[in-house]
2 protein chains.
Amino acid sequence: MKVKIGELARMTGCQVVTIRYYEKEGLLKAPERTEGNYRLYGDDAIARLQFILHCRQHGMNLSEIRDLLTFSDNPTVSCDWINTLIKKHIMDVDRQINDLLHLKEHLKSLYDKCDGGKKSECGILKSLNSFENCTYCQKMKRKKSLPQ
Amino acid sequence: MKVKIGELARMTGCQVVTIRYYEKEGLLKAPERTEGNYRLYGDDAIARLQFILHCRQHGMNLSEIRDLLTFSDNPTVSCDWINTLIKKHIMDVDRQINDLLHLKEHLKSLYDKCDGGKKSECGILKSLNSFENCTYCQKMKRKKSLPQ
DNA sequence: ATAGGATCTATAGTCCCTATAGAGTCAAGG
DNA sequence: CCTTGACTCTATAGGGACTATAGATCCTAT
């Protein structure tokens with residue numbers, strides 16, 4: 001059963017423009033067209049888009065997904081590297097979680113330092129003004145996660 | 001004591017180009033210049049840049065920081081809203097942490113499903129192909145955090 | 001026949017930088 | 001004094017993953 005782009009969007013929860021974008025980026029193959037030049041997708045295309053969305057949801061970027069799709073289209077080589085890819089992602093997600101946990105602690109310590117008065121009394125502005133007394137920022141600085 | 005842009009970059013860990021970018025975006029005031037047209041920064045500018053970096057580190061975007069700076073430059077109004085801003089950030093960070101924890105669980109369940117064989121036996125590719133059996137993705141779908 | 005909705009292409013904008021090109025400035029060494 | 005090399009200047013383009021806009025075309029229902 002063939003569907004047009006709007007229907008595909010509805011089925012997958014992906015925006016129409018994003019589907020066209022994925023096609024332009026070479027993640028989705030150019031589908032067949034109707035006489036009126038409308039894109040027409042079959043089950044394979046639907047599955048492919050769902051695969052892409054699934055990967056995006058797992059934090060992969062478009063070029064990693066392209067690699068997976070290329071591999072998937074070409075089943076003659078070993079798939080060892082996929083485990084490596086997943087492992088890399090787990091470590092990456094772990095790092096992000098740790099950073100965010102630290103950040104949350106610091107934001108919590110900022111909260112309620114503002115007493116709703118005027119600027120000169122606002123504890124939040126004061127805190128944001130000093131890196132030195134901020135263990136969170138010292139830690140981050142060592143990790144070089146400031147803008148590069 | 002006045003410093004040139006390179007020195008300011010070294011002092012703050014921020015890149016030279018980024019400093020100029022912040023100026024163009026109106027976060028840093030245009031500094032005085034030497035005879036040779038080099039930017040020359042005083043202590044106030046250094047503090048201001050550190051404030052900006054500190055805020056960036058806390059996940060604020062440039063327009064939020066602009067708001068904070070505008071407020072900070074104009075101390076006649078109440079600062080109640082700053083607590084609200086921080087609260088919003090805490091909730092946002094919380095959401096990100098939760099999403100990432102779920103994602104990590106799912107990635108862990110993917111790991112080692114690939115046995116290094118050929119495509120048809122790769123458990124990871126199989127898993128990535130089905131949304132239906134993926135509780136993580138079902139959950140995320142309800143939360144509408146798929147590409148909008 | 002026409003109104004509306006869906007689709008088409010092409011292009012520009014978003015955010016927060018990062019990279020590049022080509023020119024000017026300045027201090028030290030030969 | 002001249003040159004070398006490090007630093008700085010401006011202006012412009014690129015990147016990633018979309019999102020928004022404009023203007024044209026197609027299709028269906030009234």
Side-chain angles (χ1 to χ4, degrees), chain A residues 2-28 30-41 45 49 51-69 89 92 96 99 140 144-148, chain B residues 2-28 30-41 45 49 51-69 89 92 96 99 140 144-148:
Chain A
K2 308 275 184 174
V3 296
K4 281 183 288 181
I5 198 168
E7 176 67 11
L8 178 60
R10 230 179 28 70
M11 289 167 75
T12 57
C14 180
Q15 286 217 331
V16 167
V17 274
T18 307
I19 296 173
R20 286 196 281 251
Y21 172 70
Y22 286 160
E23 181 181 330
K24 209 178 64 177
E25 290 299 303
L27 298 177
L28 291 173
E32 55 171 312
R33 301 281 183 130
T34 67
E35 284 194 8
N37 200 32
Y38 285 8
R39 287 171 179 83
L40 219 46
Y41 296 96
L49 177 57
F51 178 87
I52 294 168
L53 295 176
H54 206 155
C55 291
R56 284 293 295 138
Q57 194 127 55
H58 287 78
M60 300 181 198
N61 62 32
L62 297 193
S63 97
E64 285 166 332
I65 299 172
R66 220 187 321 260
D67 288 349
L68 282 174
L69 286 167
H89 270 285
D92 199 49
Q96 288 180 56
D99 285 1
M140 289 297 118
K144 295 184 177 185
S145 60
L146 270 171
Q148 301 294 314
Chain B
K2 309 273 184 174
V3 297
K4 283 183 286 180
I5 200 168
E7 177 67 8
L8 178 60
R10 232 180 25 72
M11 289 167 74
T12 57
C14 180
Q15 286 219 331
V16 166
V17 274
T18 306
I19 296 173
R20 287 197 280 250
Y21 172 71
Y22 286 158
E23 180 182 330
K24 210 179 61 175
E25 291 297 304
L27 299 177
L28 291 173
E32 56 172 311
R33 302 279 183 132
T34 67
E35 283 194 9
N37 200 31
Y38 286 6
R39 288 171 178 83
L40 220 46
Y41 297 97
L49 177 56
F51 178 87
I52 294 168
L53 295 176
H54 207 154
C55 291
R56 285 292 298 139
Q57 195 128 55
H58 287 79
M60 299 181 199
N61 62 33
L62 296 193
S63 96
E64 286 168 332
I65 299 172
R66 221 186 321 259
D67 288 348
L68 282 174
L69 286 167
H89 271 285
D92 200 50
Q96 288 179 57
D99 285 1
M140 288 298 118
K144 296 184 177 185
S145 61
L146 271 169
Q148 302 293 317

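All chains are named by letter (A, B, ...) in the order of the sequence lines, taking the proteins before the strands, and each is independently numbered beginning at 1. For clarity, every value in this text was computed on a predicted model and none was experimentally measured.
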query = Roughly, in whole Å, what's the span from CG in B:Leu49 to P in C:dC17?
reply = 11 Å
message = In whole Å, I'd like the distance from the CG atom of B:Asn37 to the P atom of D:dC7.
response = 19 Å
message = Quick check for you: to the nearest 0.5 Å, what is the distance between B:Tyr22 atom OH and B:Leu62 atom CG?
response = 5.5 Å
query = Under 4.0 Å: is that the gap between some side-chain N or O of A:Thr18 and OP1 or OP2 of D:dT19?
reply = yes
inquiry  = Closer than 3.5 angstrom, by distance alone: can the side chain of A:Glu7 be matched with the main-chain N or O of A:Lys4 as a donor-acceptor pair?
reply    = no
query = What's the CG-C1' distance between B:Leu8 and D:dC7, to the nearest Å?
reply = 15 Å
ask   = Would you say the side chain of A:Pro31 lies within less than 4.5 Å of the side chain of A:Lys2, judging by non-hydrogen atoms?
value = no
ask   = With respect to the phosphate group of D:dT10, does any side-chain polar atom (N or O) of B:Arg33 fall under 4.0 Å of OP1 or OP2?
value = yes
query = Which atom pair, heavy atoms only, marks the closest approach of A:Leu68 to A:Cys55?
reply = CD1-SG, 4.0 Å
message = Measuring from the side chain of B:Ile5 (C-beta onward, heavy atoms only), which nucleotide among D:dC9, C:dT7, D:dT19 has the closest atom?
response = D:dC9
task = Calculate the interatomic distance between B:Arg20 atom CZ and D:dT12 atom P; express it in whole Å.
result = 15 Å
request  = Look at the side chain of B:Tyr38 and the base of C:dG24, then say whether one donor and one acceptor between them are separated by less than 3.5 Å.
outcome  = yes
query = Taking only N and O in the side chain of A:Tyr21, is any of them less than 4.0 Å away from OP1 or OP2 of D:dG16?
reply = no
task = Give a yes/no answer on whether the side chain of A:Arg39 brings an N or O atom under 4.0 Å of OP1 or OP2 in C:dC8.
result = yes
query = Between the side chain of A:Arg66 and the main-chain N/O of A:Glu25, is any donor-acceptor distance below 3.5 Å?
reply = yes
Separation of C:dT14 P from B:Glu25 CD (nearest whole Å) = 10 Å
request  = Mind calculating the distance between CG (B:Leu40) and C1' (C:dC26) to the nearest angstrom?
outcome  = 14 Å
message = Distance check needed: D:dA17 P versus A:Glu23 CD, whole Å only.
response = 18 Å
inquiry  = Could you tell me how far apart B:Lys24 (NZ) and D:dT8 (C1') are, to the nearest whole angstrom?
reply    = 17 Å
